[in-house]
Amino acid sequence: MRLSQSLIPTLKETPAEAQIASHRLMLRAGLVRQMSSGIYAWLPAGLRVLARIEQIVREEQNAAGAQELLMPTIQSADLWRESGRYDAYGKEMLRITDRHDRELLFGPTNEEMITAILRDTTKSYRDLPQIPYHIQWKFRDEVRPRFGVLRGREFLMKDAYSFDLDYESALLSYKKMMLAYMRTFQRIGITAIPMRADTGQIGGDLSHEFHILAPTGESGVFYDADFKAGNALSVKYDEAALNQFYQSVTTKYAATDEKHDTEIWATIPDARKREGRGIEVGQIFYFGKKYSESMNYSVIGPDGGKIFPEMGSYGIGVSRLVGAIIEAQHDDAGIIWPDAIAPFRTAILNLRQGDGACDAICESLHAEFGDDCLYDNREERAGAKFAEADLMGHPWQIIVGPRGAAKGEVELKRRASAERFELPVAQAVAMVRG
RNA sequence: CGGGGCGUGGCGCAGCCUGGUAGCGCGCUUGUUUUGGGUACAAGAGGCCCCCGGUUCGAAUCCGGGCGCCCCGACCA
C-alpha cells in the first residue's frame, strides 16, 4: 500500500476528547474515528488490526474444537423473556421496536439465542458436547462510554458457549477455553493473566477474567510474581495436558480488587507481591444449567431420561484488545505494535522521493512485501516520515536514503527496540522476513 | 444516575465578561526553498460561530429551551 493513496488520516495534534494514550494514539494514527458517543468507525489501518486479532482468535477457537457460526445482532425480546433476563437486564440493553411494534433488542450477549439454537438442533446425548462460537458486534448502552474503544457501547466480541452432559465434561470444556485463551494472547504477543473472578463456593460457579497489565487499567489487580504463563502453544488438547496446564496457570494467586482476599494475600512473601492495574480483555465462565433449565433445553440420555446440559460462556473483547494492546505497548512517539497484529509489518520510508536510486530500491521493496507493507512515497521531509512511522508503530522500518542507496544499502529500524542496522537490500529483506 | 465542563474552518484554540457581523497556530492548495527527526517564505481555498426561540437597530457574544460531546464518581466485555 502506498501511503500517498491510503485512507490513513494521521493527526499531528491530539483531539481534545482523547484522554488516555490508546485513545489518543488510535485517533492520531488514523485507526478509528468516533461517530457517536462510544461508537466508532474503523478506518482501513484499524480494521486491519481488528481483522488480524480476529483471525488469531478464530484459529485458536477452532484448534480447541470450537465451531464458528454467526448469530444476528438483532434479537427478539421474546427469547429473552424465556430466561427472565428481558426485565432483569436493565437499561444497558438497547431495546428497539420495529414497524409492527414488535419488541426487539440489539444483542449485548447471546446465551439465550445460542441455547435456543442448540435446543432446536440437538436432541440426543450423542450430539454433545458442543462449543459453538461467533465473532459479532455487540451493543451495551453504557452509562458512561469512555477511553475510546476500551469502553465503547458498540464493540466486537468473540463469544463461545459450551454445552456438556455433566459437570466433569463441562470443566474440561472450561479448561480447553483457558488454554485457547492463553494461546491466543501469546500469539498476539501480549501477557494476559487469568484472575479468579469468583471467590466463591468450591465446586460451584467458576470464572476467570484475563487482564493485561497497564497503568491506566480500570481494575486494580493483585498477583503473585511467581505466576508464569509458560508456553501455551506447546500444550496439547488432551485431558492430562489440559489439567496440568490449568493447574499451572491458576494456582498462583491472582485476583482483581473485587475478588481480592487479604487473608490469602498475607500468606504470600512480600517480595512476590505485585499490585497494579489491569484491563480486562476476556472472561470465561461456568454457570451450569441456568439457561438450559430456564429455557427448557434438554437432550435424551442413554437411559431415555432428560439431560439438561451444563453450560459455560467465554468472551474475548476483540475491539477492546486493540486499545488494551496499545495501552500496554506504546511510547512518547506512538504505538509499538506486536508483529502478529500490526496493520503493516513493514514501512518503507523513501527519504528522497524522485532520487533514482532511492525510488528504485523502494519500488522493489514494495513489490517484494506487497500488501503487508506501507510505502511512504509522499513528498515529505525525512523528519515527517520518521515521525509518522513511529506514530503508526510498524514493527519494522526500512529507511531508504540517498547516502545508502548509492551503495545498495538501506537502514533497518526495529520499532520496539529502536535498534538500527545498515544492510544491503537483500539482507534487510531477509531480516524482516525473520 | 449524581457532580463539573465544553460546543467557533479538518485538528488545537482565542474572541464572549464590557453586543457592531470572526481571528491565531497546525493541516490543505499553488509556487519557490529545504533535504536523515514534523523546513522557511509567499500567495490562496475553506466557517449554518451546535440547533430553535427571545431581547436588540444589530447576537459567536445577553436570556430561555433543546441537542451533542468530554471529565470525576457509582456501574460494566
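Convention: sequence-line order gives letters A, B, ...; per-chain numbering from 1. None of the values given here were measured: they were computed from a predicted structure.
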[Y] side chain reached by [X] side chain, heavy atoms, under 4.5 Å:
X: A/Met182; Y: A/Phe245; result: yes
X: A/Arg48; Y: A/Phe344; result: yes
X: A/Tyr297; Y: A/Pro309; result: yes
X: A/Pro108; Y: A/Tyr89; result: yes

Between [N] and [M], how far is it from one [atom1] atom to the other, in whole Å?
N: B/A60; M: B/C48; atom1: C1'; value: 12 Å
N: B/G7; M: B/C50; atom1: C1'; value: 6 Å
N: B/G20; M: B/C49; atom1: C1'; value: 16 Å
N: B/C13; M: B/A22; atom1: C1'; value: 14 Å
N: B/U8; M: B/C52; atom1: P; value: 16 Å
N: B/G47; M: B/C24; atom1: C1'; value: 15 Å
N: B/G9; M: B/C51; atom1: P; value: 10 Å
N: B/C28; M: B/C16; atom1: C1'; value: 29 Å

[atom1] of [X] versus [atom2] of [N]: gap in Å, rounded?
X: A/Gln19; N: B/C69; atom1: CD; atom2: C1'; answer: 12 Å
X: A/Asn350; N: B/G37; atom1: CG; atom2: P; answer: 16 Å
X: A/Phe147; N: B/C70; atom1: CZ; atom2: C1'; answer: 12 Å
X: A/Gln353; N: B/G36; atom1: CD; atom2: P; answer: 15 Å
X: A/Glu380; N: B/A40; atom1: CD; atom2: P; answer: 13 Å
X: A/Glu17; N: B/C13; atom1: CD; atom2: P; answer: 10 Å

Please work out if [X] contacts a base, only the sugar-phosphate, or nothing of the nucleic acid, heavy-atom cut-off 4.0 Å.
X: A/Lys91; value: sugar-phosphate
X: A/Gly401; value: base
X: A/Asp159; value: nothing
X: A/Ser319; value: nothing
X: A/Glu388; value: base
X: A/Ala382; value: sugar-phosphate
X: A/Ala16; value: sugar-phosphate
X: A/Arg153; value: nothing
X: A/Gly148; value: nothing
X: A/Arg420; value: base

**Report entry** Passing option when A/Leu31 is tested against A/Ile335, A/Val149, A/Leu47, A/Leu43 for side-chain contact (heavy atoms from CB on, under 4.5 Å)
**Finding:**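 Passing option: A/Ile335.
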Query raised in the report: Which sits closer to the 5' end of RNA chain B, A/Ala387 or A/Arg140, going by the nucleotide each is nearest to?
Result: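 Nearest nucleotide further toward 5': that of A/Ala387.
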Requested in this report: Between A/Arg352 and A/Ala18, name the one whose nearest nucleotide on RNA chain B is closer to the 5' end.
Outcome: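 In this pair, the answer is A/Arg352.
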Pairing of [X] and [Y] as salt bridge, 4.0 angstrom limit:
X: A/Glu60; Y: A/Arg183; value: yes
X: A/Arg403; Y: A/Glu422; value: no
X: A/Asp390; Y: A/Arg28; value: no
X: A/Asp78; Y: A/Arg102; value: no
X: A/Arg153; Y: A/Glu142; value: no
X: A/Arg58; Y: A/Glu68; value: yes
X: A/Glu54; Y: A/Lys158; value: no

Can you tell me the Watson-Crick or wobble partner of [N], both distances under 3.5 angstrom?
N: B/C49; answer: none
N: B/C69; answer: B/G5
N: B/U55; answer: none
N: B/C24; answer: B/G12

Does the Lys NZ or Arg CZ of [X] fall within the cation-pi geometry relative to [Y] - under 6.0 Å from the ring centre and within 45° of the axis?
X: A/Lys252; Y: A/Phe227; answer: no
X: A/Arg81; Y: A/Tyr86; answer: yes
X: A/Arg415; Y: A/Trp396; answer: no

Query raised in the report: Have A/Tyr133 and A/Asn110 got a donor and an acceptor in their side chains that come within less than 3.5 Å?
Result: no
Any side-chain N or O of [X] below 4.0 angstrom from OP1/OP2 of [N]?
X: A/Ser36; N: B/C69; answer: yes
X: A/Gln34; N: B/C70; answer: yes
X: A/Lys12; N: B/G27; answer: yes
X: A/Ser37; N: B/C70; answer: yes

**Report entry** Per A/Arg144 side chain, nearest of listed nucleotides B/G36, B/C71, B/C75
**Finding:** B/C71
Report summary line: Side-chain atoms of A/Arg28 come closest, of B/C75, B/G38, B/C70, to B/G38
**Report entry** For the student: nearest non-hydrogen atoms of A/Gln136 and A/Leu156, plus distance
**Finding:** C-CD1, 3.4 Å
Query raised in the report: If you take all heavy atoms of A/Arg277 and A/Gly217, which pair is closest and at what distance?
Result: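 Heavy-atom minimum between the residues: NE-O, 3.1 Å.
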Query - A/Glu13 (side chain) and B/G25 (base): donor-acceptor pair under 3.5 Å - result: yes
Listed in order of residue number, which residues of [range] have a non-hydrogen atom at under 4.0 Å from RNA chain B?
range: residues 47-68 of chain A; value: none
range: residues 103-118 of chain A; value: none
range: residues 179-194 of chain A; value: none
range: residues 404-419 of chain A; value: A/Glu411, A/Lys413

Query raised in the report: How would you list, by chain and number, every residue that makes a ring pair (Phe, Tyr, Trp, His ring centres under 6.0 Å) with A/Tyr161, sequence neighbours excluded?
Result: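 Checked A/Tyr161 against ring pair (Phe, Tyr, Trp, His ring centres under 6.0 Å); zero matches.
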Report task. Classify the angle between the aromatic ring planes of A/Trp265 and A/His260 as parallel (below 30°), tilted (30 to 60°) or perpendicular (above 60°). Result ->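 The rings of A/Trp265 and A/His260 stand perpendicular, inter-plane angle above 60°.
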Query raised in the report: When you check every protein heavy atom under 4.0 Å of nucleotides 29-34 of chain B, what one-letter string (B, S, -) results, 5' to 3'?
Result: -----B
